[in-house]
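Here the structure comes first, spelled out in structure tokens, and everything after it is commentary.
In what follows, every chain begins at residue 1, and chains take the letters A, B, ... in the order their sequences are listed.
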There are 2 protein chains.
Amino acid sequence: MADLDIKAAEMLKVANLYRTKHRVTIVKVLLKAGRPLSQEQIAHRCGKKHFDKVTIYRIIETLVKVGLVHKAYVDKRASHFELAHHCTDRQCHPHFTCTSCGSTHCLMEISLPMAESPHKGFIIKRQKVHLEGLCPDCV
Amino acid sequence: MADLDIKAAEMLKVANLYRTKHRVTIVKVLLKAGRPLSQEQIAHRCGKKHFDKVTIYRIIETLVKVGLVHKAYVDKRASHFELAHHCTDRQCHPHFTCTSCGSTHCLMEISLPMAESPHKGFIIKRQKVHLEGLCPDCV
DNA sequence: AGCAAATATGCAACTAAGTTGCAAATAATT
DNA sequence: AATTATTTGCAACTTAGTTGCATATTTGCT
Ligand SMILES: [Mn+2]
Ligand SMILES: [Mn+2]
Ligand SMILES: [Zn+2]
Ligand SMILES: [Zn+2]
């Protein structure tokens, strides 16, 4: 889809990053996925062309640095990343992990109030919520 | 302190676990710390006596399984664990990571309402909140 | 206390996510 | 097209956490 290409390229342009084939491909993959992906999942979805894992990690790092991407959660020692374009400045939607099947989902419909700082000098900038329980498939 | 020894032994007894020297020591370390520790930190606080890391990981696993311990957060690829005795069934206190110095703290004074499940068939059992911002030391 | 069964521990070898340095390739700028 | 700034691929490395198995410890029972 040329649509996605344009959108991905635009996102990189706004962030003032080199628009390389690798970066455009990875942003497209994340746009299509609409959910957090690990390095391995990204590599897989980039197709048969060679995408070195180092390159993927470095691109993720860059995208996180400019705020286009967030680390959503860590599952089985692997970080999972997603585009931040549906998150507010102060928090993303919660993520939910099923304790039965181990799957993780984005719960876009839920939001919690921001925590209030307790006079102790902590300045809270962002809040992440992770939920556990049973997914629809596991009753 | 014999106090801690007794408390640790009691906790293991209630959980129906063998009261081994290693387990008692590790539960005592976690009681004293009052905050999440990594395997390496636990090993260090167990003192000069030899505590194999495999043993520590297996004890943590056991303690998590019976609910005495929670994984509080992952920092620099290392899981950090703490006793669950100050947590409710549905959520612990939030943890806070300073984006400047990287330190993580327990915020015992803060609690958020539980998220409500959104008619989508997800059953929410537990909620974890992680906060980011600036700690008192970093203004 | 002494014994047998159940369980925990130590060791060595392994797994796999993520990192680092550097040379070659590609993108932006002129 | 040439120059410069930046990215990519490769190989080698780091390190949290795991696995299998032999040995040691705990427990319940006599
Ligand atoms: Mn998400
Ligand atoms: Mn805590
Ligand atoms: Zn499930
Ligand atoms: Zn700080």
Side-chain angles (χ1 to χ4, degrees), chain A residues 5 8-29 36-66 68-81 102 104, chain B residues 5 8-29 36-66 68-81 102 104:
Chain A
D5 272 290
E10 184 61 22
M11 290 170 78
L12 292 167
K13 189 176 190 178
V14 168
N16 212 26
L17 297 175
Y18 273 39
R19 264 147 287 150
T20 68
K21 287 178 210 162
H22 292 76
R23 283 181 181 164
V24 171
T25 304
I26 288 176
V27 170
K28 276 167 65 187
V29 162
L37 300 177
S38 65
Q39 176 276 316
E40 207 174 0
Q41 291 173 318
I42 292 172
H44 190 252
R45 290 171 188 227
C46 284
K48 50 205 93 214
K49 328 133 204 162
H50 182 89
F51 275 68
D52 195 89
K53 70 174 177 172
V54 177
T55 302
I56 297 177
Y57 279 121
R58 287 200 270 231
I59 289 176
I60 291 170
E61 189 185 14
T62 302
L63 296 175
V64 167
K65 209 168 285 170
V66 299
L68 280 175
V69 162
H70 286 159
K71 181 190 287 198
Y73 59 90
V74 178
D75 181 46
K76 294 190 200 99
R77 305 188 56 60
S79 296
H80 289 62
F81 303 89
T104 299
Chain B
D5 273 289
E10 184 62 22
M11 291 169 78
L12 292 167
K13 189 176 188 178
V14 168
N16 213 25
L17 297 176
Y18 273 37
R19 265 147 287 151
T20 68
K21 287 178 210 162
H22 294 76
R23 284 180 180 165
V24 171
T25 304
I26 288 176
V27 171
K28 277 168 64 186
V29 161
L37 299 177
S38 65
Q39 177 275 317
E40 207 176 359
Q41 291 173 318
I42 292 171
H44 189 254
R45 290 173 187 225
C46 284
K48 51 206 89 217
K49 329 135 206 159
H50 182 89
F51 274 69
D52 194 89
K53 70 174 179 172
V54 177
T55 302
I56 297 177
Y57 280 121
R58 287 201 269 230
I59 289 176
I60 291 170
E61 189 186 13
T62 302
L63 296 175
V64 168
K65 208 167 285 169
V66 298
L68 279 175
V69 163
H70 286 159
K71 181 190 288 198
Y73 59 89
V74 177
D75 182 45
K76 296 191 198 96
R77 307 187 53 61
S79 296
H80 288 62
F81 303 89
T104 298

Rounded at 0.5 Å granularity, tell me how far [atom1] in [X] sits from [atom2] in [Y].
X: B/Thr55; Y: B/Arg23; atom1: OG1; atom2: CZ; value: 10.5 Å
X: A/Ile26; Y: A/Gln39; atom1: CD1; atom2: CD; value: 9.0 Å
X: B/Ser38; Y: B/His44; atom1: OG; atom2: NE2; value: 11.0 Å
X: A/Met11; Y: A/Leu63; atom1: CE; atom2: CG; value: 8.5 Å
X: B/Asp52; Y: B/Cys46; atom1: CG; atom2: SG; value: 12.0 Å

What is the distance, rounded to the nearest whole Å, between atom [atom1] of [X] and atom [atom2] of [N]?
X: B/Ile42; N: D/dG17; atom1: CD1; atom2: P; result: 10 Å
X: A/Gln39; N: D/dG9; atom1: CD; atom2: P; result: 12 Å
X: A/His80; N: C/dA16; atom1: NE2; atom2: P; result: 15 Å
X: B/Lys49; N: C/dG10; atom1: NZ; atom2: C1'; result: 17 Å
X: A/Ile26; N: D/dT7; atom1: CD1; atom2: P; result: 13 Å
X: A/Asp75; N: C/dG18; atom1: CG; atom2: P; result: 11 Å
X: B/Leu37; N: D/dG17; atom1: CG; atom2: C1'; result: 17 Å
X: A/Lys76; N: C/dT15; atom1: NZ; atom2: C1'; result: 15 Å

Could you tell me if the side chain of [Y] sits less than 4.5 Å from the side chain of [X], heavy atoms only?
X: A/Phe81; Y: A/Leu37; value: no
X: B/His80; Y: B/Val74; value: no
X: B/Pro36; Y: B/Thr104; value: no
X: B/Ile60; Y: B/Ile42; value: yes

**Message:** Nearest to the side chain of A/Arg77, heavy atoms from C-beta on, is which of C/dC11, D/dA16, D/dG9?
**Reply:** D/dA16

**Message:** Let's see if you can work this out: which of C/dC11, D/dA16, D/dG9 has an atom nearest to the side-chain heavy atoms of B/Asp52?
**Reply:**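 Out of C/dC11, D/dA16, D/dG9, the nucleotide with an atom closest to B/Asp52's side chain is C/dC11.
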
**Prompt:** Which comes earlier along DNA chain D counting from the 5' end, the contact point of A/Thr62 or that of B/Lys71, where each point is its nearest nucleotide?
**Reply:**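 Its nucleotide being nearer the 5' end, the pick is A/Thr62.
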
**Asked** Do the side-chain N or O atoms of B/His22 get closer than 4.0 angstrom to the phosphate oxygens (OP1, OP2) of C/dG10?
**Response**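 Yes, because at least one side-chain N or O of B/His22 sits under 4.0 Å from OP1 or OP2 of C/dG10.
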
**Prompt:** Given the side-chain rings of A/His22 and A/Phe51, with only the six-membered ring counted for Trp, is the space between their centroids under 6.0 Å?
**Reply:** yes

Extract from the structure each pairing of a protein N or O with an N or O of nucleotides 24-30 of chain C at less than 3.5 Å, listing the distance.
| from | atom 1 | to | atom 2 | distance (Å) |
| --- | --- | --- | --- | --- |
| C/dA28 | OP1 | A/Arg19 | N | 3.1 |

**Prompt:** Which of residues 53-61 of chain B sit near DNA chain D, with a heavy atom under 4.0 Å from it?
**Reply:** B/Lys53, B/Val54, B/Tyr57, B/Arg58

**Message:** For A/Val24, is there any backbone N or O sitting under 3.5 Å from a side-chain donor or acceptor partner on A/Arg19?
**Reply:** no

**Asked** What is the nucleic acid contact for A/Ser79, judged by heavy atoms within less than 4.0 Å: base, sugar-phosphate only, or nothing?
**Response** sugar-phosphate

**Asked** Would A/Asp75 and A/Tyr73 count as a side-chain contact (heavy atoms from CB on, under 4.5 Å) if you check the C-alpha gap in whole Å, the side-chain angles of each, and the deciding distance to 0.1 Å?
**Response** CA-CA 6 Å; A/Asp75 181 46; A/Tyr73 59 90; 3.8 Å; yes

Could you list the protein-to-nucleotides 22-24 of chain D atom pairs, N/O on both sides, closer than 3.5 Å?
none

